[in-house]
2 protein chains.
Amino acid sequence: MALHITMRQLQVFESVARHLSFTRAAEELHLTQPAVSMQVKQLESMVDIALFEQLGKKVHLTEAGRTMVKHSRKMMAQLNEIEKDINGLRGVDGGQLKICIASTVNYFATRLLSRFCDVYKSVGISLDVINREELIKRLEANQPDLVLMGQPPEELDVVAKAFMENPLIIIANPQHKLCGKKNIPLSAMANEVFVMREPGSGTRTAMKRVFRQYEVEPKFGVQLSSNETVKQSVEAGLGLAVVSAHTVDLELNAGRLVSLEVEHFPIMRKWFVAYRRGKKLSATAQIFLDFVLSEGGIQQESHNRSKATK
Amino acid sequence: MALHITMRQLQVFESVARHLSFTRAAEELHLTQPAVSMQVKQLESMVDIALFEQLGKKVHLTEAGRTMVKHSRKMMAQLNEIEKDINGLRGVDGGQLKICIASTVNYFATRLLSRFCDVYKSVGISLDVINREELIKRLEANQPDLVLMGQPPEELDVVAKAFMENPLIIIANPQHKLCGKKNIPLSAMANEVFVMREPGSGTRTAMKRVFRQYEVEPKFGVQLSSNETVKQSVEAGLGLAVVSAHTVDLELNAGRLVSLEVEHFPIMRKWFVAYRRGKKLSATAQIFLDFVLSEGGIQQESHNRSKATK
DNA sequence: TATTTTCATAAATAATTCATTATGCTGAAT
DNA sequence: ATTCAGCATAATGAATTATTTATGAAAATA
């Protein structure tokens, strides 16, 4: 790029071209006339061609001048567009939001989202429901603005805020022999078969941790890839399962599944809304974050799952 | 225009955005890394929004950043277009030429033009054949690049170069009583009727001046608005006329008109190619000017018909 | 001819910009 | 834990730019 044309030059030039007078342009721009002359002269020397010609005392544009006027206007319009476009991004109105949610969150996230959309109608939301593993990949790639998930990842430096309780319970088929029993000891689980999600699933990790902690080793049965199939499998009597209580509301009420009152259960965990540390949240994302936190109704304490817990 | 975004800022920003690395951009631009950081920071402060976000050690564009990249590219493309467009004007190729010619010049100007076009095929020419009065108006309005005319105007500061002899002769119907006579005294014209062009016509002015100079007062008959009708009128026997010899070549050869050998005639005048003083001749116009002068084959002496004959 | 208008040029200076070096911080990799 | 790579910040100096005042020249006007 050889030419070092400045916006100022174009601006001053355009004014002269419009008035066909250096003096008028100077007045318009609150400058002295020589200042205008010099800017124009600089622009002329940049393109190495005369932009004005003075015949008698009247100033005329040359052919090159007419061309330059067009370009000047275009450039200035372009600049204004930048301002406009960027300002558009600054506000919430018309904002775009990319949200990823862990699959288990799905059950209430949709309700959350629809309430949000009611309030901020002009916000465009793209929602991806994915498993924990994929979600972490996406976070690494800086794809989503915000994610809703269970336990925030240890391996990534994220800012995570809890926004809702997430009790994990053990569910069983209503015909199961432990149904209705009170204070079932955890050790009783050693005789049970558990169906579960794929490795990497947050629920699976939490469950395993508890059993390991109390040195109970249940049997592990079928491995399933969606929460829905887990529930169906339990309903079909393939075994027990640890799930987020929110995801089985309907089935419990309908009596198709029951919650076992096992010792140490429910495991009280939380749902988090999270984003990568350093992420510049757009106004829209910030609003959504606040919305989720207030709707969730947990008193705030920032969870900072990072090595850099300085 | 509040924002004082510089091309440099956009250029540096674009480089960073392309590499997603300040250091790489610095290398590309032969700068130090802090210099790059500062340019980007300045741009960010101009639009008052973050363009990059650093997550871990990777640099990402923000939404605003992505928008800005588009605009940066557009702006830089725009700049290149200026250069291209202006360069297009600098050369002869594809140039535009607005030429006005006095109506009497028409007879050979067309031939001149066609020869010019043969050589410079890519030059677009707009040609207006108009009378002297209109031609001067056009000159005042700075409409034509060049004009071809008889006597250059006194009232306007033009640069005029003679390029061809312009003998003015007196023509008559072949049946006219003075036909074939040698050395007709100018005084004999006092008994003749002259048809002529409208006031303002160069030929008319020249003719009147000669008659006044030698104190001869011929009768003035019909006033005609085109050279063609003047010839036809003379042919029809309505009177004599003073015309540029070039315009009646054909008629003289065909014997439809004759030239009278009157004392002081032919008045030797010249055709001029002219443009307003101060006019920035485009390359194309300059070429045309040179072409006309060389084709005309008059040794050059610059005629400068101006008050400011300093 | 004298005056006014308008633009160009020159010199001076005020302001800003640009880039450098030096240094610190952070995250990732060894 | 140390080192390395990569960005930010600060201090500084050089270079450039923007702008002003003062002045001159040319053209229109009175």
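Only this structure's heavy atoms are used, side chains among them; waters, hydrogens and symmetry mates stay out. The sequence lines fix the lettering, A, B, ..., with proteins before strands; numbering per chain opens at 1.
Regarding A:His19, its NE2 atom lies at a distance of 13 Å from the P atom of C:dT6, rounded to whole Å. In this structure, the CZ atom of B:Phe22 is 19 Å from the P atom of C:dC25, given to the nearest Å. Atom pair B:Glu27:CD and D:dG6:P shows a separation of 9 Å (rounding to whole Å applied). Following rounding to the nearest Å, B:Met7 (CE) and D:dT17 (C1') show an atom-to-atom distance of 17 Å. Going from atom CZ of A:Arg8 over to atom C1' of C:dA15 covers 13 Å, rounded to whole Å. Remark: C1' of D:dC7 and CG of B:Leu51 are 15 Å apart, rounded to the nearest angstrom. Whole-Å rounding puts the A:Leu31 CG to D:dT21 C1' distance at 14 Å. Here C:dC18 presents its P atom at 7 Å from NE2 of A:His4, a figure rounded to the nearest Å.
Toward the 5' end of DNA chain D, the nearer of the two residues A:His30 and A:Lys58, judged by each one's closest nucleotide, is A:His30. The residue among B:Thr6 and A:Arg276 whose nearest nucleotide of DNA chain C lies closer to the 5′ end is B:Thr6. Where B:Val59 and A:Met38 meet DNA chain D, the nucleotide closest to each residue was compared, and B:Val59 sits on the side nearer the 5' end.
The side chain of B:Ser37 places an N or O atom within less than 4.0 Å of a non-bridging phosphate oxygen (OP1 or OP2) of D:dA8. Residue B:Gln33 has no polar side-chain atom (N or O) positioned under 4.0 Å from OP1 or OP2 of C:dA19. In terms of phosphate contacts, A:Arg277 brings no side-chain nitrogen or oxygen within less than 4.0 Å of OP1 or OP2 of C:dG27.
Using a 4.0 Å heavy-atom criterion, one finds that A:Thr23 contacts the sugar-phosphate atoms exclusively.
In this structure, the nucleotide among D:dT20, D:dA27, D:dA8 sitting nearest to the side chain of A:Pro34 is D:dT20. For B:Thr32, whose side chain is taken as the heavy atoms from C-beta onward, the closest listed nucleotide among C:dC18, C:dT6, C:dT21 is C:dT21. Here D:dC7 is the nucleotide among C:dT20, D:dC7, D:dT17 with the atom lying nearest to any side-chain atom of B:Gln54. In this structure, of D:dC7, C:dA8, C:dC18, it is C:dC18 that holds the atom nearest to the side chain of B:Gln42.
At a threshold of 4.0 Å, the pair A:Glu14-A:Arg18 counts as salt-bridged, since one of the basic side-chain nitrogens sits closer than that to a carboxylate oxygen.
Counted by atom type alone, B:Glu27 and B:Thr23 present zero donor-acceptor pairs between their side chains at under 3.5 Å. A:Arg269 and A:Gln151 share a side-chain donor-acceptor pair at under 3.5 Å.
Using a 4.5 Å heavy-atom cutoff, the side chains of B:Glu63 and A:Ser282 are not in contact. For the pair B:Glu83/B:Leu79, no side-chain contact is recorded, criterion being any heavy-atom separation below 4.5 Å from C-beta on.
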